[in-house]
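The basis for the numbers below is simple: all heavy atoms, side chains too, and nothing from hydrogens, waters or symmetry mates. Residue numbering restarts at 1 for every chain, and letters A, B, ... go by the order of the sequence lines.
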Protein chains: 2
Amino acid sequence: MLTEVNIMLTERQLLLLQVIIDDFIDTAHPVGSRVLAKKGTIPFSAATIRNEMADLEELGFLEKMHSSSGRIPSEKGYRYYVDHLIKPVSHNMHHGIVSKLVQEGIYEFEQIVQMSAEILSELTSYTAIILGPEIFETQLKQLQIVPLSTETAVAILITNTGHVEHRMISLPEAINASDLEKLVNIINQKLVGIPIVKLQNIFYTEMADIMKRYLDDYEKSLSYLKAIFLTDYPVKVYVSGTSNMLMQPEFNDIDKVRSFYTLMDREEELIKLLKDSTPGIEVTIGNENEVEAIKDFSLITSSLRHEEEQVGTIALLGPKRMEYRKVISLLKGLSNEMTNTLYMWYKDKE
Amino acid sequence: MLTEVNIMLTERQLLLLQVIIDDFIDTAHPVGSRVLAKKGTIPFSAATIRNEMADLEELGFLEKMHSSSGRIPSEKGYRYYVDHLIKPVSHNMHHGIVSKLVQEGIYEFEQIVQMSAEILSELTSYTAIILGPEIFETQLKQLQIVPLSTETAVAILITNTGHVEHRMISLPEAINASDLEKLVNIINQKLVGIPIVKLQNIFYTEMADIMKRYLDDYEKSLSYLKAIFLTDYPVKVYVSGTSNMLMQPEFNDIDKVRSFYTLMDREEELIKLLKDSTPGIEVTIGNENEVEAIKDFSLITSSLRHEEEQVGTIALLGPKRMEYRKVISLLKGLSNEMTNTLYMWYKDKE
DNA sequence: GTTAGCACTCTAACTCCCCGAGTGCTAATT
DNA sequence: AATTAGCACTCGGGGAGTTAGAGTGCTAAC
């Protein structure tokens, strides 16, 4: 596949494509043959460049906005650029974002992800979108139920990754206090280490017997547990740096701004956008994305994993004319750092 | 004060002011004498209306955009409108937002505030800004420390209002497990019911003795506690419905959009905006606000209290041309509902 | 294979002009 | 004395026409 494409492009065309895309990413202006020739990066005349450009357009790598404008990269062009033209930057020159945060005493992983994303969006002027962990895949570490009044209590659920979910529950018919305690004890004895997603099955099978035996009011207890375990713990989405994007020249169009922010307000859409990301860095350009609203954006996602569990996703959303080189290397560096940090923290968790 | 102003305005002027502001709020177009006369709300000719308008302008209640445009309300005009011209709508026609949410099984107060704000912004097409509770004023209900690995643990702090804060702490030098347990027990015996803000003082005075007596390594324990109690639990800010605002005609100006979103991205500014709100509903119009960035917006805040504690703030940010009548009555209704709900939940908390 | 030259194209910005909605003032009316 | 009709004037917005500039494609020459 790769070679197939390479056969079709001469060295000069490759160079040209590279220079054109670099220039357009930089300036957001369609690039014309004259200017390109004057810059001296390409040792040929404007006329020659024009010919090559026409060829590259025919091959689908470049486009014109109108018949007498300069060329801009097509999506196919960007794709080729990302796949073959970006030299893999050594990303051991990472910025130490995470270690800096850890030094500041921040040990909450989700918080680190959030703050990194903020820094990232600041650094790139694009919008960072962060997805919290899929809690259902993590394991129960401990359950606590703390009564607040005779009618309310707060249930706290701690996972092996240090993630904490809490939820208020109502106790309309006052439950026996010792029963509540017993209940919590049973759960912590029997269910620690079980993935959250499997908990509800276990209630109806293995746990039923035990609970019946030890608790005065099995039915009632079960209903409280339902409130805790069977509700959705929705994935959390954080968005940061949307206003940076407004500085991009493509956002002079007010309608684009509107549709952009309408998307940003729709959490479900964002979740859909990031949810099924594969491990590693993934670049999606324009229409490659199935979500209609970002068909003229590019999205770069980095899915953070720890021992096969997805513990978060960081994505950068920007115009198709994105600084892919910079963003990819930044994200790669950050990913590495985070993976290492996670490994250090939880290496002995079991 | 109120009468002083009334003396200066005739009945007709009052009516006129009212109608003009209502109309401008509705249409966003400067209102002219001709149109007003045609509408028939005022039984006078365009010429008479023009004269009155000129007077109202001289008094500072109206403005012109340019010499031959219709009139628009000045900030003084809006202020007068809000203070004297809005008939106190009976807000027992509240929409039951909160009770609806509670029926859906949501008992987390902060979550209710958030969702209400979302509904509110949907209902009004303005932007809702929500401030979480000032945790430092609430009391400690319970502390939990759950070890995750030999080096990390998660500390969970529950307040009497059901608010849960959690924080990862590092345990670089492995602490004696039973010491940790003892520590937690001591805290829960001695410190429950104390306002969070006072905790740090107590550590250095009363707690020191007890801890020295019962714990093997007093110094080390203290350092963990510092990580839990002496760090900031920053007030949380939620913003919802920003994209609604983009539908407002005043947002056709891209620069306004930019400055608006730049503000929305700056959490500290938002906190500053809402933090020192007095109890009840408060309306701030344009330049009345000390934050530069919203000088052509209006802000309506409603501070939610439960037994003197501020447990949250809901604010609606919109153009100066805001539907004050609707928004104020909505917020009043919601406030009442929330106060009642809080009372019911926590009436027996102590 | 490369380049210079030229005719052609299209956009963006600018000017000019006119229309409509509104005002302020004066004189007439009630 | 209050109200109204009439009129001249003002200003912003929108459409038409013009121009300058940057770019292209093609052809012919190097």
Side-chain angles (χ1 to χ4, degrees), chain A residues 8-17 19-21 23-24 26-74 77 249-254, chain B residues 9-17 19-21 23-24 26-74 77 249-250 252-254:
Chain A
M8 300 157 73
L9 292 182
T10 65
E11 273 304 310
R12 194 167 64 187
Q13 283 173 326
L14 284 174
L15 174 63
L16 203 49
L17 188 57
V19 172
I20 290 172
I21 298 186
D23 194 81
F24 185 71
D26 199 37
T27 66
H29 292 302
V31 2
S33 57
R34 223 185 195 86
V35 187
L36 219 48
K38 288 248 172 77
K39 269 176 69 174
T41 351
I42 291 147
F44 295 98
S45 74
T48 311
I49 293 176
R50 271 204 289 284
N51 288 329
E52 294 283 35
M53 278 172 149
D55 290 347
L56 283 169
E57 183 174 358
E58 214 164 320
L59 290 168
F61 294 105
L62 296 180
E63 284 174 353
K64 280 186 289 195
M65 315 217 65
H66 55 86
S67 72
S68 77
S69 81
R71 298 304 203 296
I72 64 173
S74 68
E250 20 270 292
F251 275 85
N252 280 341
D253 179 3
I254 190 89
Chain B
L9 292 183
T10 66
E11 274 304 311
R12 194 165 67 187
Q13 283 173 326
L14 284 174
L15 175 62
L16 203 49
L17 188 57
V19 172
I20 290 172
I21 298 186
D23 195 80
F24 184 71
D26 198 40
T27 66
H29 292 301
V31 2
S33 56
R34 223 186 195 84
V35 189
L36 220 47
K38 289 249 172 78
K39 267 176 69 176
T41 350
I42 291 147
F44 295 97
S45 74
T48 311
I49 294 176
R50 271 204 289 286
N51 287 330
E52 294 284 35
M53 277 173 150
D55 289 346
L56 283 170
E57 183 174 359
E58 215 164 319
L59 290 168
F61 294 104
L62 295 179
E63 284 175 354
K64 279 186 289 195
M65 315 217 65
H66 55 87
S67 72
S68 77
S69 80
R71 298 304 203 296
I72 63 173
S74 68
E250 20 270 292
N252 280 340
D253 179 2
I254 189 89

Practice problem: Among B:Asn51, B:Leu62, B:Leu14, find the one that has a side chain to side chain contact (heavy atoms under 4.5 Å, CB included) with B:Leu56. | Solution: B:Leu62

Practice problem: Heavy atoms under 4.0 Å is the rule here; annotate nucleotides 22-30 of chain C 5' to 3' with B where the base is hit, S where only the sugar-phosphate is, and - elsewhere. | Solution: SBB------

Quiz item: If every non-hydrogen atom of B:Ile20 is compared with every non-hydrogen atom of B:Arg71, which pair is closest and at what distance?
Solution: CG2-O, 4.5 Å

Quiz item: Would one find a side-chain N or O of A:Thr48 under 4.0 angstrom from OP1 or OP2 of C:dT2?
Solution: no

Quiz prompt | Pairing residues for B:Glu63 by the salt bridge (Lys or Arg N to Asp or Glu O under 4.0 Å) criterion, not counting sequence neighbours | solution = none

Exercise. Write down the distance between NE2 (A:His66) and P (C:dT11), rounded to a whole number of angstrom.
Key: 5 Å

Practice problem: Calculate the interatomic distance between A:Glu63 atom CD and C:dC10 atom C1'; express it in whole Å. | Solution: 17 Å

Under 3.5 Å donor-acceptor pairs involving side-chain atoms of residues 33-41 of chain B, not counting sequence neighbours:
unit_1	atom_1	unit_2	atom_2	d
B:Ser33	OG	B:Arg50	NH1	3.1
B:Lys39	NZ	B:Asp23	OD1	2.9

Practice problem: For A:Asp23 and D:dG23, give me the distance from atom CG to atom C1', rounded to whole Å. | Solution: 14 Å

Self-check item: Spacing of B:His29 atom NE2 relative to D:dG12 atom P, expressed in whole Å
Solution: 17 Å

Quiz item: Atom CD1 of A:Ile42 and atom C1' of C:dT3: how far apart are they, to the nearest Å?
Solution: 16 Å

Self-check item: Between CD1 on residue B:Ile42 and CG on residue B:Leu15, distance to nearest 0.5 Å
Solution: 5.0 Å

Quiz item: How many Å lie between CG on A:Leu36 and P on C:dT3, as a whole number?
Solution: 13 Å

Self-check item: Expected output: side-chain A:Thr48 to main-chain A:Phe44 donor-acceptor under 3.5 Å
Solution: no

Practice problem: Check the distance between C:dA21's P and B:Met65's CE and give it to me in whole angstrom. | Solution: 18 Å

Quiz item: Expressed in angstrom and rounded to an integer, what is the separation of A:Ile49 atom CD1 from D:dA22 atom P?
Solution: 17 Å

